[in-house]
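Please read these numbers as outputs of a predicted model, since none were measured by experiment. Reckoned from all heavy atoms, side chains included, excluding hydrogens, waters and symmetry mates. Chain letters run A, B, ... following the sequence lines, proteins first and then strands; every chain starts at 1.
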Number of protein chains: 2
Amino acid sequence: MAASTLTEVARLAGVSPATASRVLNGSARKPGKDITERVRQAAESLGYIPNAQAQGLAKSSSGLIGLIVHDIADPYFAAIARGVQEAAREQHKMVLLATTGGGPTEEREAVAAFAARRADSIVIAGSRSCRTEDQDGNAELAAELDRYCRNGGQVAVVGHPVVGATVQEGYHVVRVPNQELARRLAAELAAGWDGDFVIVGGPEGLLTSDDRVRGFQEGLERAGRPQAEVLRTAFNRSGGYDAGLQLAGRIKAPGSGEAAPKLCIFAVNDVMAIGTAAALRAEGLRIPRDAAIAGFDDIETLRDFRPALSTVRLPLEDIGRLATRATRGRPDGEEGEEAAPGAVTGEVTLRRSTEAA
Amino acid sequence: MAASTLTEVARLAGVSPATASRVLNGSARKPGKDITERVRQAAESLGYIPNAQAQGLAKSSSGLIGLIVHDIADPYFAAIARGVQEAAREQHKMVLLATTGGGPTEEREAVAAFAARRADSIVIAGSRSCRTEDQDGNAELAAELDRYCRNGGQVAVVGHPVVGATVQEGYHVVRVPNQELARRLAAELAAGWDGDFVIVGGPEGLLTSDDRVRGFQEGLERAGRPQAEVLRTAFNRSGGYDAGLQLAGRIKAPGSGEAAPKLCIFAVNDVMAIGTAAALRAEGLRIPRDAAIAGFDDIETLRDFRPALSTVRLPLEDIGRLATRATRGRPDGEEGEEAAPGAVTGEVTLRRSTEAA
DNA sequence: CTGTTAGCGCGTTCAT
DNA sequence: ATGAACGCGCTAACAG
C-alpha cells in the first residue's frame, strides 16, 4: 500500500529508473518524445508522487524555507509570514514554521531543527533581545546559525543581526528603520500636541522596542520637548493594557484642573497601543479627548479600530518577501551587485487618535 | 564543509555507525555506558546534527504536519495555526505551511506537495466549497486525499468533509456546529430586537458561510420572524465593506420616518462584520444607533473594537489543536474508543453592537 | 539518447 | 552488547 516509487514507474514504462527520473523531474537533457510519453502515462496511472525526502538526500537540498516567529497568531508575524509564503511560492519552496515565544534558546532549537531538515534557508522574524539573561542563549543561537551558514545555509534576519553572530556569507539582515521612523513620528506628533509625552515600551533589551523608544526620544529632543517617561511592560496587548491602567490612574488622579496638560501616549507597537486604549476606555477615559495615543506597525486588522490609530506604517508583507528573497540571491536571473536587498521604508500615519481637537 | 554525518561521528568515537545511531537517536536497546559517553562527546565536538531527510527515508516517516489555510494573515487562520503549532510541538513534529487562497485546485497541489514530503498528517483548515465551478477541483482534491490516506497518511479537516471524499481510515473531521450556533445567535438577537434582519454572507456554496446563513434563518423562523434577506459578497473584510455601503444607502435613503424599523445585520464572520461596520461609519451611520451588527468567530484581535461586536465565540486555537491531535490518535498513552475528538462548542456573545438602546 | 553503477545518510535486520 | 550488510527512493556520474 505504500506510495509507488520511481522504479515501479520505470518498470511499468519499460525503461530504466534514470530515464524515468529524467522525464518526471527536471533534468538537463530530455529523453525521446515517445519514451517521455510512455513514462508520463505510467506515472499517471500509478499516481506516482516523487519522494521529496529521497530527492533531497540525493541532491542535498530540500526545497524548504524555515520561518521563525514569536507567535504566528500575532498579526505582526502573520503579515510577515504571508510575505514569506509568497516569496517561497515564487521559489517553488515550502515554508516550515517554528513558533518560539521569543526566547533565544527556543530559537536555537528551531534553527537546529531546520538544519536537521536541511532547510535551504531560514528567516528569523522576531525581535532580538540583548538582555543579560539572554546572553548565553544568544551566543548559542549565534553559534548554531554560524554553523548552519558554514554548511551552506542561508539566513535572513528581520530588524537586527543576531547578537554576537559572525557576519559571513549567507547571512543577511533586512534592516527596518525603526529608530528613524519613531523619530519622525515624534516630530510630527510634537508639532500638533502641547501636552506631555509618555512611552509605553517593551522590556528593556528588546532591540526593536529599544530602537523605537530611542528614536522617539530623539524626535522629542529635536523638537525642543522634554524627554518622555518610559513605562516598561510586556511587548503585547496585555502589557499595553497594564500600562494603560496605570496611566489612567495618573490622568484622573491629580488635581486635574481643567487645564491639566493632556498626555500623548506612544506605545511601541499597535497591539500594545490597542491594549492601552482599551484600559483607558475601561477606566472611563476617552481618546483623544482625555489622552492621545499612537502605535507602530499599522497592523491591517487594526485599521478599523476607532478612533483611528496614529501609527507608523510598515510594509510587513514586503519585509517577509524581501527577507525570503535575500536568501536566494536575485529572483530568476536578475543581475547587479547583490543589489540592495530592497530598502524597507515606513510612513508616519497620523489619524484621529492623536488629534488635538 | 558539509555537515558532519553519523559515520564521521562513529569513526571519531571508534565505533560502528550502527552503535552511534543507537546512542544518538532513540533506539530500543542502549549500548554500554562508556561507549555512550564516547559517542556523545564525538557528536558534540563535531557539532553533529542528524539528517532528518535520511532518517525519514529510512523510517519512512518525516515528523512533518502539513497545514493548509486560505491565508495565514487572516486572524481566523492564524489562530487555528497557533493551535496546530502547539499540538505539533507536543508530538515533536514540525509544521509545514501552505497558503491556497481557498481554491480546491491549489489545495490539491498542496496535498500533493505534502504527500511528496511524506508529511505524517495534513490539517485542512479552510472552508469547503460546493460551487459547481469547484466541482472538478473538489473531485481531484478528494482523489488526492484518498490516495494520501491509502498510503497511510492522516487527514483532519476543519468544518466539513471534503466534498466527495471517501470516508476511510485516517480521515477525520472536526465538526464545528456553525449552523446550530448561528441559530442560537438569531434566537438571542431576535429576543432583543424589533427591526428587520439582513444577512451578509459569503459566496453561495461556501459551506461554512452557508451553514451560518441557514442556521440564522432557522433561528429567525423559530422566533416567529420573517426570513432575512441575504447579501452575497466576498468572504473577507472588503466583501463586508461592499455590503455595508449598499446597506448604508438603503438605511439612509427611504422615507426614513423617525419610526423606520432599525436593521440588524448579521455578517457571517467577524472580519466581514468589521468591514460592514466600517462602511456604515464611512457613510455617517452609527452603531448600534442606526443599525445593529453581529459577526461570528470572536477573533481575538477584534475584541477591542468599539462598539464591541456581538458574535459567536469559537475556540479557534482548540480547533487547531484538536484537528492536529485527531491525526495522531490519543496523546501519549490515553485510551478509549477513538474518544470523541473533543467536541467543539461555541458561545453566543452579545455585546454593544446589537444593543437596542 | 539510454542504461548501469554508485552513492546521499541513516535505521535495521542479521550474525557475531 | 556490538558490528556488517542491506535497503529506503532518488540523482549523478559514467559507460554503452
Listed in order of residue number, which residues of residues 50-58 of chain A have a non-hydrogen atom at under 4.0 Å from DNA chain C?
-> A:Leu57, A:Ala58
For A:Asn138, all residues meeting side chain to side chain donor-acceptor pair (under 3.5 Å), sequence neighbours excluded = none
Which pairs count as side chain to side chain donor-acceptor pair (under 3.5 Å) when at least one residue sits in residues 101-112 of chain A, sequence neighbours excluded?
-> A:Glu107-A:Arg128, A:Arg108-A:Glu144
Under the side chain to side chain donor-acceptor pair (under 3.5 Å) test, residues paired with B:Glu86 that sit two or more places apart | B:Arg321
Got a sec, which residues hit side chain to side chain donor-acceptor pair (under 3.5 Å) with B:Ser21, two or more places apart in sequence or on another chain?
-> none
Dump the intermediate steps for salt bridge (Lys or Arg N to Asp or Glu O under 4.0 Å) on A:Arg150 and A:Glu169, then the final yes or no.
-> CA-CA 8 Å; A:Arg150 231 172 313 140; A:Glu169 228 190 275; over 6 Å; no
Between residues 4-14 of chain B and DNA chain D, which residues have a heavy-atom gap below 4.0 Å?
-> none
Of B:Arg118 and B:Ala18, the one whose nearest nucleotide on DNA chain D sits closer to the 5' end is B:Ala18
Specify the separation, in whole Å, of atom CZ of A:Arg22 and atom P of D:dT11.
-> 11 Å
Enumerate the residue pairs fulfilling ring pair (Phe, Tyr, Trp, His ring centres under 6.0 Å) with a member in residues 86-126 of chain A, sequence neighbours excluded, ordered by first and then second residue.
-> none
If you look only at pairs with a residue in residues 4-19 of chain A, which of them pass as a side chain to side chain donor-acceptor pair (under 3.5 Å), with sequence neighbours excluded?
-> A:Ser16-A:Thr19
For DNA chain D, whose closest nucleotide is more 5', that of B:Ser60 or that of B:Val15?
-> B:Val15
Pairs in or reaching into residues 43-71 of chain B: which pass salt bridge (Lys or Arg N to Asp or Glu O under 4.0 Å), with residues at least two apart or in two chains?
-> A:Arg82-B:Asp71
The side chain to side chain contact (heavy atoms under 4.5 Å, CB included) partners of B:Ala58 (sequence neighbours excluded) come to none
For the helix from C:dC1-D:dG16 to C:dT16-D:dA1, measure the angle between the helix axis at one end and the axis at the other, each built from five pairs, rounding to 10°.
-> 40°
Can you sort out the partners of B:His70 under side chain to side chain donor-acceptor pair (under 3.5 Å), two or more places apart, ordered by chain and number?
-> none
